[in-house]
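The structure under discussion appears below in the form of C-alpha cells.
None of these values were measured; they are calculated from a predicted model. Excluded from the calculations below are hydrogen atoms, water molecules and symmetry mates; all remaining heavy atoms, backbone and side chain alike, are included.
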Amino acid sequence: MRKIVTLFIVGSLLLSATNIKATQKERKDIAPEYKWNFKDIYADWSAWEADFKKLQEKMSEVAALKGTLTKSAESLKKGLLLQDELSTIAYKVYLYPMLQKDVDGRDMSVLGKLQQVQMAFAKFGIATSWITPELLTLPEATMMKWIDATPELKPYKFGMQDMYRNQKRVYSADKEQLLSYFGTMSGTPSSIYSSLTVTDAEFPKMTLKDGKEVTLTNGTYSSILSTDKVRENRKNAADAFYPVYAKKQNTIASIYKGILDADWASAQSRGYKSCLEASLDGNNIPVGVYENLVNTVKANTKPLQRYHKLRAKLLKLEGDYHGYDSRIPLIDSDKKYPYDEAKLMAIDAVKPLGKDYVAKMKRAIANGWLDVYETPGKRSGAYSINVYGVHPYMLLNYNGTLDYTFTLIHELGHTLHSMLSSENQPFATHGYTIFVAEVASTFNERLLLDYMLDNTKDTKERIALLQQAIEGIIGTFYIQTMFADFELQAHRLAEQGRPVTAASLTKIADDLNKAYYGDVFVKDLSKKNLLWARIPHFYNSPFYVYQYATCFASSAVLYDKVTKGSKKERRAATEKYLTLLKSGGNDYPMNQLKKAGVDLTKPEPVLAIINQLDKLIAQLEKEIEKLN
C-alpha cells in the first residue's frame with residue numbers, strides 16, 4: 001500500500017524527454033485533434049475536487065486498518081481491494097493537474113492543486129509505514145494458502161512473494177516509521193543541484209558569427225553543438241559554456257558526495273553489501289547484469305571509435321576533431337515530415353506486429369491522446385504516461401524534423417505498451433518496470449528506420465536516416481553505459497571511504513573517456529572533463545541510466561527474432577514479444593525478458609547491439625560513397 005506515495009515519483013522517471021525546440025503556436029489556434037482532451041479524466045475541476053476529497057477519505061480508511069490485515073483472508077482482501085480503489089483514484093487526481101501544468105506551467109493555480117496532492121501523498125506514506133511490517137508477521141505459508149483459496153487475492157500473489165523475498169530487509173513498524181522520516185530529506189541534495197545549475201545559474205551570452213546574440217542555456221548550448229554548421233560558433237559556445245560548471249565544480253562535487261553518502265547509508269541500513277546491490281534488488285536484478293553490461297561495452301568500443309573517425313574524415317577534421325564537432329549532421333538535409341504524414345508512417349511501420357497492434361495505434365493517434373505542438377508555457381521534450389482507467393497521454397513538441405519523427409513512434413511504443421498491459425493485467429500487476437520500459441519504444445524506432453530505408457532511394461535521406469540510427473545507439477547504449485560505469489565507480493569511492501572530490505570524479509571521467517574514445521578527440525588541456533557535473537540523472541536518480549542500455553540491447557535481440565527466420569519462427573517470436581508487452585509487472589523483469597527470448601546475464605544481447613552498430617556504419621559508408 002505504501003507504493004502509492006512513490007508511484008508518481010517513479011512514474012516521472014519513465015518520461016523520456018528531449019530538448020528539441022519548435023516554432024510556437026498559440027494554444028487557441030491549434031485544432032482539438034492535436035491537443036489533449038482532459039475531459040477523459042474529469043469533466044471539470046469540481047469533479048476533480050470531489051475525487052480528491054474521496055481520495056483523502058480512502059487514505060483515512062486505509063490508515064484505520066492498522067492491526068487488522070492479518071486476521072483473516074477476508075480482512076486481507078478488504079485491505080488490498082481498498083488499496084486498488086485508492087490507487088485508481090490517485091492516478092487521476094494526481095495526473096489531472098500535472099498534465100495541465102505541463103501544457104501551461106504559467107498557471108499557478110494548477111501548480112497549487114498539484115502540491116496539495118503531493119502533500120497528501122507524503123502524509124499518507126508516514127501514516128501507513130506500518131503496513132509491510134504488519135503483513136510480514138503472517139507466515140508466508142499462511143499467506144500463500146489464503147491467496148490460493150481466495151480468487152480475489154490471486155492478482156496479489158507475485159507482489160506478496162516479492163515482499164517475503166525482501167523480508168529480511170524490513171524492520172519492525174516503529175523502525176520503519178523512523179526510517180520514513182529520513183525519506184523526506186533524500187531529495188534535498190538533488191534539489192540543491194537543480195537550484196544551483198538551473199534556477200540560480202548565470203548562463204553566459206555570446207554573439208554568433210551572423211551578429212545574433214544568444215544566451216547559452218543548457219538547451220541553447222546543446223542546439224548549437226547539434227545543428228550549427230559554423231564551427232567557430234560551436235567552439236566559442238564550448239569555451240563560453242565551460243565556466244558555468246567549472247566555477248561550481250567543487251560545490252557540485254560536494255553535493256554529489258552527499259548523494260553518494262546517503263545512498264551508501266541507505267544501503268547499509270537495509271543490510272546490502274553495496275549501493276548497486278541495493279538499487280537493483282527492488283526488481284531482483286542480479287548485480288552481474290550491470291557488471292556484464294559495463295564490462296562488455298568497455299571492451300568493445302571499436303565501432304564507436306570507427307564512427308567518430310569516419311566523421312572526422314568526412315568533416316575534414318582529422319587531427320583536429322573536438323567534442324564540439326561530434327554531433328552536427330554529416331550532410332545538409334532540410335527535409336520536413338509534417339505530423340499528419342509522420343503518424344501515417346508510424347502506422348505503416350508497425351504492421352509487422354499485427355492488425356490488433358495497428359488498430360490500437362490508430363486509436364491512440366485519433367482520440368486526443370497526444371498534445372502535439374509546442375505552445376507558450378508548455379514543458380519541453382516528449383513523454384508518454386498512463387492514466388490508469390482512462391488511457392495514456394503523450395506529450396510532444398513536434399517540429400517536423402527527422403528526429404521528432406522518431407520521437408513520435410518512440411512515445412507511441414510506450415503508449416501501446418501501457419495499453420496492452422492495462423488491458424491484460426489487473427491493477428495490482430498492470431505497471432511495468434523501468435527495466436523493460438524502453439524495449440517497446442526502441443523496437444518501434446527500429447521498425448520505422450527499416451520502413452523509411454525501404455521506402456526511399458534518396459541518398460541524402462538515407463544518410464540522414466542511418467546517422468539518426470547510429471547516433472541513437474551511441475546516445476542510448478554506449479553513452480548511457482559509460483555513465484553507468486561512472487556511477488558504479490563513484491559509488492565505490494563512498495563505499496571504500498575514499499575522497500570524493502572534483503579531482504577524483506574528473507579522474508574517473510578521464511579514464512572512461514580514454515577507454516571509450518581512445519585518441520579520436522583532440523584533448524584540450526585547458527579544460528577539465530566535467531561531464532559528471534552536467535548529468536542530472538546522477539543527482540536525481542542514481543543507477544537509472546543503465547536501463548536505457550539494457551532495454552536497447554533487449555530490443556535489438558527481439559527485433560532480430562521478430563523480423564528474421566521462417567514465417568513460423570517470426571510469428572512465434574512476435575507472439576512472445578507481444579506477451580511481454582501484455583505482462584505488465586506480473587513477474588520480475590529478468591524473467592519476463594527470458595520468456596521473450598533475452599538473457600541479459602550473458603554478453604550476447606550486449607554484443608548484438610554492438611554488431612548492429614558496426615553494420616549500420618558499413619551501410620553509412622556505402623551511402624556516402626554513392627553521394628561522392
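Ring pair H410/F443: centre-to-centre distance not below 6.0 Å. Not less than 6.0 angstrom separates the ring centroid of F203 from the ring centroid of Y221.
Looking at T476, its side chain never comes within 3.5 Å of a backbone N or O of I473 through a donor-acceptor pair. The closest donor-acceptor contact from the side chain of D200 to the backbone of S194 lies at 3.5 Å or more, if one exists at all. Side chain of T220 to main chain of T215: a donor-acceptor pair is present (N/O by atom type, distance under 3.5 Å, no hydrogens or angles). Side-chain atoms of E423 do not come within 3.5 Å of backbone N or O of L420 as any donor-acceptor pair. Checked by atom type and distance alone, the side chain of S422 pairs as donor or acceptor with a backbone atom of S418 at under 3.5 Å. For S421 (side chain) and L581 (main-chain N/O), a donor-acceptor pair under 3.5 Å exists by modelled atom type. A side-chain donor-acceptor contact under 3.5 Å links T407 to the backbone of D403. At least one donor-acceptor pair under 3.5 Å links the side chain of Q592 to the backbone N or O of G584. Under the 3.5 Å distance criterion, the side-chain polar atoms of T481 are matched with a main-chain donor or acceptor of F477. A side-chain donor-acceptor contact under 3.5 Å links N233 to the backbone of K209.
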In sequence, state the C-alpha distance, the side-chain angles, and the governing distance for R231 and D320, and then conclude on salt bridge (charged side-chain N to carboxylate O under 4.0 Å, His left out).
-> CA-CA 12 Å; R231 192 178 189 224; D320 190 29; 2.9 Å; yes
Could you go step by step and tell me if Y432 and H417 meet the ring-ring contact (aromatic ring centres under 6.0 Å, His included) rule?
-> CA-CA 9 Å; Y432 49 88; H417 193 173; 3.6 Å; yes
Trace of the salt bridge (charged side-chain N to carboxylate O under 4.0 Å, His left out) decision for K527 with D239 = CA-CA 9 Å; K527 295 185 178 71; D239 290 340; 2.6 Å; yes
Y34/D340 under side chain to side chain donor-acceptor pair (under 3.5 Å): CA gap, chis, key distance, verdict | CA-CA 10 Å; Y34 302 114; D340 288 322; 2.8 Å; yes
How far apart are the C-alpha atoms of H308 and Y516, what are their side-chain angles, what is the distance that settles it, and do they pass the ring-ring contact (aromatic ring centres under 6.0 Å, His included) test?
-> CA-CA 11 Å; H308 281 289; Y516 272 72; over 10 Å; no
Evaluate the criterion salt bridge (charged side-chain N to carboxylate O under 4.0 Å, His left out) for residue pair R379 and D371; output intermediate values, then yes/no.
-> CA-CA 11 Å; R379 66 158 282 174; D371 205 89; over 6 Å; no
Test side-chain contact (heavy atoms from CB on, under 4.5 Å) on I535 and E487 and set out the steps.
-> CA-CA 11 Å; I535 308 303; E487 287 192 279; over 6 Å; no
Going through the checks in order, is the ring-ring contact (aromatic ring centres under 6.0 Å, His included) test met by F521 and H322?
-> CA-CA 5 Å; F521 294 106; H322 291 256; 8.5 Å; no
Side-chain donor-acceptor contacts of residues 448-456 below 3.5 Å, not counting sequence neighbours, with atom names and distances?
from : atom 1 : to   : atom 2 : distance (Å)
D450 : OD2    : Y559 : OH     : 2.5
Y451 : OH     : D348 : OD2    : 3.3
N455 : ND2    : Y451 : O      : 2.6
T456 : OG1    : D458 : N      : 3.2
T456 : OG1    : E461 : OE1    : 2.7

Which atom pairs, one a donor and one an acceptor, fall under 3.5 Å between side chains of residues 611-620 and the rest of the protein, sequence neighbours left out?
from : atom 1 : to   : atom 2 : distance (Å)
N611 : ND2    : L607 : O      : 3.2
Q612 : OE1    : R446 : NH1    : 3.2
D614 : OD1    : R306 : NH1    : 2.7

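Heavy atoms from other residues, nucleotides or ligands lying under 6.0 Å from CD of E213 number more than 12. Around atom NZ of K460, no more than 12 heavy atoms belonging to other residues, nucleotides or ligands sit under 6.0 Å away. Atom NZ of K582 has more than 12 heavy atoms from other residues, nucleotides or ligands within 6.0 Å. No more than 12 heavy atoms of other residues, nucleotides or ligands shown are found within 6.0 angstrom of NZ on K561.
Using a 4.5 Å heavy-atom cutoff, the side chains of L216 and K205 are not in contact. For the pair N386/H430, a side-chain contact is recorded, criterion being any heavy-atom separation below 4.5 Å from C-beta on. For the pair R234 and R327, the minimum side-chain heavy-atom distance is 4.5 Å or more.
The side-chain tip of K113 points at the ring of W45 from less than 6.0 angstrom away and within 45° of straight on.
In this structure, the separation between CD on Q468 and CG on L402 is 4.5 Å, given to the nearest 0.5 Å. The line from CG of L512 to OH of Y517 is 10.5 Å long, rounded to the nearest 0.5 Å. Distance check: D524 CG to K235 NZ gives 7.5 Å after rounding to the nearest 0.5 Å. Note that CD of E411 and CG of L395 are 8.5 Å apart. Values are rounded to the nearest 0.5 Å. Going from atom OG of S441 over to atom CG of L416 covers 11.5 Å, rounded to the nearest 0.5 Å.
Here the shortest heavy-atom pairing between P329 and S226 reads CD-O, 3.2 Å. The shortest heavy-atom contact between I328 and L225 is CG2-O, 3.3 Å. Of all heavy-atom pairs between L396 and Y404, the closest is C-OH, 3.8 Å. Residue P605 comes nearest to A553 through the heavy atom pair O-CB, 3.5 Å, listed as atom of the first residue, atom of the second, then distance. Shown here for F543 and Q547, the closest heavy-atom pair between the two residues is O-NE2, 4.2 Å. Annotation for L558 and L580: closest pair CD1-CD2, 4.0 Å, computed over non-hydrogen atoms.
The pair E471-R311 meets the salt-bridge criterion, since a charged nitrogen lies less than 4.0 angstrom from a carboxylate oxygen. A salt bridge does not link D40 with K92: every distance from a Lys NZ or Arg NE/NH1/NH2 to an Asp or Glu carboxylate oxygen is 4.0 Å or more. Between D210 and K212 there is no salt bridge, since no side-chain N of the basic residue sits under 4.0 Å from a carboxylate O of the acidic one. One finds no salt bridge joining K313 and E318 here, because no Lys/Arg side-chain nitrogen approaches an Asp/Glu carboxylate oxygen to under 4.0 Å. Using a 4.0 Å cut-off between a side-chain N of Lys or Arg and a carboxylate O of Asp or Glu, K378 and D104 do not qualify as a salt bridge. Between K229 and D332 there is a salt bridge, since a side-chain N of the basic residue sits under 4.0 Å from a carboxylate O of the acidic one. Here K622 does not pair with E625 in a salt bridge; the nearest charged N to carboxylate O distance is not below 4.0 Å.
Of the candidates Y373, Y96, Y393, W369, Y393 is the only one forming a ring pair (Phe, Tyr, Trp, His ring centres under 6.0 Å) with W36.
A donor-acceptor pair shorter than 3.5 Å can be found between the side chains of E438 and H414. Side chain to side chain, N236 and Y324 fail the donor-acceptor criterion of an N or O pair below 3.5 Å.
Taking the six-membered ring for Trp and thresholds of 30 and 60 degrees, Y539 and Y193 have nearly parallel ring planes, at less than 30 degrees apart.
Applying the salt bridge (Lys or Arg N to Asp or Glu O under 4.0 Å) test to K101 and every residue at least two apart in sequence or in another chain returns nothing.
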